[in-house]
Protein chains: 2
Amino acid sequence: MARQPQYALIYESVKQQIQNGLFPKGSLLPSENELSAQFATTRMTVRQALTELVREGYIERRHGKGSIVTSERQSLGLLSFHGFSEVVGQANHTVQTNLLEPPTQTNWPTDFFYALTDAERSARCLTLNRLRYADELPVMLEHTFLPALGIETLFEQELLDGSLFKTLRTRYGIDIRNLEQTVRAVGADAKQADTFDCATGTPLLAIERRYVTNRPDFYIYSKLYCYTEQFAISNIF
Amino acid sequence: MARQPQYALIYESVKQQIQNGLFPKGSLLPSENELSAQFATTRMTVRQALTELVREGYIERRHGKGSIVTSERQSLGLLSFHGFSEVVGQANHTVQTNLLEPPTQTNWPTDFFYALTDAERSARCLTLNRLRYADELPVMLEHTFLPALGIETLFEQELLDGSLFKTLRTRYGIDIRNLEQTVRAVGADAKQADTFDCATGTPLLAIERRYVTNRPDFYIYSKLYCYTEQFAISNIF
DNA sequence: GAGTGGTCTAGACCACCTG
DNA sequence: AGGTGGTCTAGACCACTCG
C-alpha cells in the first residue's frame, strides 16, 4: 500500500548515506546530474528530493559549487536535537523511546487544544503517551491523539519499529504531508517535574501540533513537552 | 539589484491576496492551471510558489479538489504568531517593532552562540536590538548580529520600511535562503522580566538562529526571546 | 571553459474528487 | 467526464565557481 514516489526514495537514500557517514559533514554530494543518472531520472525529480534535505537542514546548496553536507542530525520523533557541547562537533547520541502506558482508546479531552470537526469529535480517540530519551536522559514527553476513523485496529498489533508514522504508512497508507504547530514556554507541573527530574516551574518547551496527512480530514494531534536544559531542539519540523 | 525570480513574485502576490482577504480562510485558490495562465508561466513555476505557501502554513492542497486557504497568518519578524483566544477565529492583531537603541558596530560577544569563521571573527559586528509588540504588548526581544563584510554602510541610512531583510535585499542583493535554529525554554532574567513586565524566572522561548543567504559564507545571526503567555508562536520558520 | 546549481518551459500520465 | 493536484520527462538558458 502507498507506493512511494521516486523523489521520496531518493530523499531517503541520500539521507541514509549522510547519516551513515558516507557523505560526511562538509563533503559535497554527487551533482544533480550525477544523481539523475544514478537514479535514472531527471534533474527536477532529484531537486525535489534535495530541496527536502535542505529544508530539514542536512545540506546547503552553493550555486556553481554543489550541495554541501552541513549536518548529520539525529531525530527525536519528528524533531531533531543536539546537545550544547557540540555546537561544532557532531557527537552521536543514543535515542530511545518508551511507552509510558499501553496505548488506549478513550474519549477526547474536554479542553482539547485544537478545534475538532464533528466527525472527529464523534469518533473515539486513540492515545499514545511516550517518553523519549537522549543519552539515557528523559528529554521529551509526547502525547499523541488520533481519531479512530478507519484505523480502529491500529493498536491491535505492535507498532512497526516502534514508529507510529511508519505503521500508519505501511498498514493504512497514511502519509504525513505537513504540520502546523504552536510553540510556547511553560513551567513544569509536578508530574512533569517528576518525569524530567527537575524542579517544579522549570521552563519547558510546549509544542502543540496538528499533522496534515494525505487522507482528507484526517489529522493527527500531538502535544510535546521538551526539557531543554541539556539538549536543545533544532530546526523544528 | 537582485531581480526576483518569477515564483517569488507569484508567491508574494498570492500571499498578499490572502492577507488582504481576497481569498478568505476556507476558500479555494485559483487552480494551478488558472494561475499559470494568469502569470503567463507553467504549472511547475506556479507549484514552486504554492509549495512555499504550504510550507508557511497559508494553504493546504487537496488532490482532486484544489488549494484551500487555511490561515491568514500575521508575521512577527520571520515568525508568525497568534493569540490563544483565536484557536478558531482569526482576530487581527496590531504588530509593531521598536529599536531599543541605535544600531551599533561592536565586537563580537566573547561567548557567541554560534561558532564563527575566521573571516567573520575578524570583522566588526553590526548589532540591532529590537522589541516587537503584538496588540501593544511586548512579546519578542530580538538581538541580531551581522558581520560587517560588504555591508559596512548598512546603518548609515534608515532601514527600508523598518525591515532589515528588505534593506539587505534591495541595497545589497542579499536574500535569505534558509535558516537553522535551536529552540529552548529558559527563565527570564531580571532585564527580560522588566522588558516583558513579568516575574523573574517566567518561562521564555529562546531561539538562536543562523540565516543562510545567497551570498556564500555570509550568515546573519539572531537571538530571540519570546514571551508566550498571551501570544504563542506558530510554524517556526 | 567546464561543471554546478537556479530557473523555467511545454508537455505527459496518473489518482483523486465532484457533478 | 472533466477538472484538480501529484508526479515526472527532456530538454533549455542563465549565473556562479573553480581551475
Side-chain angles (χ1 to χ4, degrees), chain A residues 1-12 14 27-55 58-70 150 169 173-178 212-218, chain B residues 1-12 14 27-55 58-70 150 169 173-178 212-218:
Chain A
M1 198 156 182
R3 202 191 122 268
Q4 293 268 88
Q6 216 177 343
Y7 71 84
L9 298 175
I10 299 175
Y11 165 80
E12 285 299 334
V14 175
S27 66
L28 285 175
L29 288 185
S31 77
E32 298 183 354
N33 281 318
E34 287 179 274
L35 288 171
S36 316
Q38 263 179 51
F39 289 96
T41 182
T42 58
R43 257 188 75 205
M44 287 302 285
T45 303
V46 167
R47 283 180 64 76
Q48 225 172 323
L50 294 186
T51 297
E52 194 60 19
L53 288 170
V54 170
R55 178 170 132 86
Y58 289 97
I59 64 173
E60 198 176 302
R61 274 139 132 183
R62 289 283 179 90
H63 197 167
K65 186 120 179 262
S67 298
I68 305 173
V69 177
T70 52
R169 180 157 56 75
I174 297 175
D175 263 316
I176 306 300
R177 281 293 169 78
N178 197 22
V212 180
T213 70
N214 60 340
R215 183 175 296 189
D217 297 315
F218 184 80
Chain B
M1 198 156 184
R3 203 190 120 268
Q4 292 268 90
Q6 218 177 339
Y7 72 85
L9 298 174
I10 300 174
Y11 165 80
E12 284 299 334
V14 175
S27 66
L28 284 176
L29 247 42
S31 77
E32 299 182 354
N33 281 318
E34 286 179 275
L35 288 172
S36 316
Q38 264 181 50
F39 289 96
T41 181
T42 57
R43 257 187 78 206
M44 285 304 285
T45 303
V46 168
R47 282 181 64 77
Q48 225 172 323
L50 295 186
T51 297
E52 194 60 18
L53 288 170
V54 170
R55 175 171 135 86
Y58 288 98
I59 64 172
E60 197 175 302
R61 276 142 128 182
R62 289 284 179 92
H63 196 166
K65 184 120 180 260
S67 299
I68 304 172
V69 178
T70 51
R169 180 157 57 75
I174 297 176
D175 262 317
I176 306 299
R177 282 292 169 77
N178 197 22
V212 180
T213 70
N214 59 341
R215 183 174 296 188
D217 297 314
F218 183 81

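The structure presented is a predicted model; accordingly, all values stated were derived computationally and were not measured. Computed over heavy atoms, backbone and side chain alike; hydrogens, waters and symmetry mates excluded. Just so it is clear: chains get the letters A, B, ... in the order the sequence lines come, proteins before strands, and each one is counted from 1.
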Quiz item: If you look at every strand shown and take non-hydrogen atoms under 4.0 Å, does Ser31(B) touch a base, only sugar-phosphate, or nothing?
Solution: sugar-phosphate
Exercise. Select from Gln6(A) and Gly64(A) the residue whose nearest nucleotide in DNA chain D is closer to the 5' end of that strand.
Key: Gln6(A)
Quiz item: Going by number, which of residues 45-53 of chain A have a non-hydrogen atom under 4.0 Å from DNA chain C?
Solution: Arg47(A)
Quiz prompt | Test item: Thr213(B) side-chain N/O and Phe218(B) main-chain N/O as donor-acceptor pair under 3.5 Å | solution = yes
Quiz item: Going through the distances and angles, do Thr41(B) and Ile10(B) end up as a side-chain contact (heavy atoms from CB on, under 4.5 Å)?
Solution: CA-CA 10 Å; Thr41(B) 181; Ile10(B) 300 174; 4.0 Å; yes
Quiz prompt | Atom of Leu29(A), atom of Leu50(A) and distance for their closest heavy-atom approach | solution = CD1-CD2, 4.0 Å
Practice problem: Kindly indicate whether the side chain of Gln48(A), heavy atoms from C-beta on, has any atom under 4.5 Å from the side chain of Gln6(A). | Solution: no
Quiz item: Between dC18(D) atom P and Ile68(A) atom CD1, what is the distance in whole Å?
Solution: 9 Å
Quiz prompt | Nearest-nucleotide comparison on DNA chain C, the residue closer to the 5′ end among Ser67(A) and Met44(A) | solution = Ser67(A)
Quiz item: Which is the 5'-most and which the 3'-most nucleotide of DNA chain C that has an atom under 4.0 Å from a heavy atom of chain A?
Solution: dG3(C) to dC17(C)
Quiz prompt | Atom-pair distance (CZ on Phe218(B); P on dC16(D)), nearest Å | solution = 17 Å
Quiz item: Taking the side chain from Glu60(B) and the backbone from Asn178(A), do they hold a donor-acceptor pair closer than 3.5 Å?
Solution: no
Quiz prompt | Residues that Ser27(A) engages under side-chain hydrogen bond (donor to acceptor under 3.5 Å, both in side chains), provided they are two or more places apart | solution = none
Exercise. Using the closest heavy atom to pick a nucleotide of DNA chain C for each, name whichever of Pro216(A) or Ala8(B) lands nearer the 5' end.
Key: Ala8(B)
Exercise. Give the rounded distance in Å between these two atoms: CZ of Arg215(B) and P of dT17(D).
Key: 11 Å
Exercise. Look at the side chain of Thr70(A) and the backbone N and O of Tyr58(A), then say whether any donor-acceptor pair between them is shorter than 3.5 Å.
Key: yes
Self-check item: Whichever of Arg62(A) and Arg43(A) has its nearest DNA chain D nucleotide further upstream toward 5'
Solution: Arg43(A)
Practice problem: Could you state the atom-to-atom distance from NZ of Lys65(A) to C1' of dA15(D) in whole Å? | Solution: 16 Å
Quiz prompt | Glu32(A) side, atom CD; Met44(A) side, atom CE - distance, nearest 0.5 Å | solution = 10.0 Å
Practice problem: Spell out, as yes or no, whether a donor-acceptor pair under 3.5 Å connects the side chain of Asn214(B) to the backbone of Asp175(B). | Solution: yes
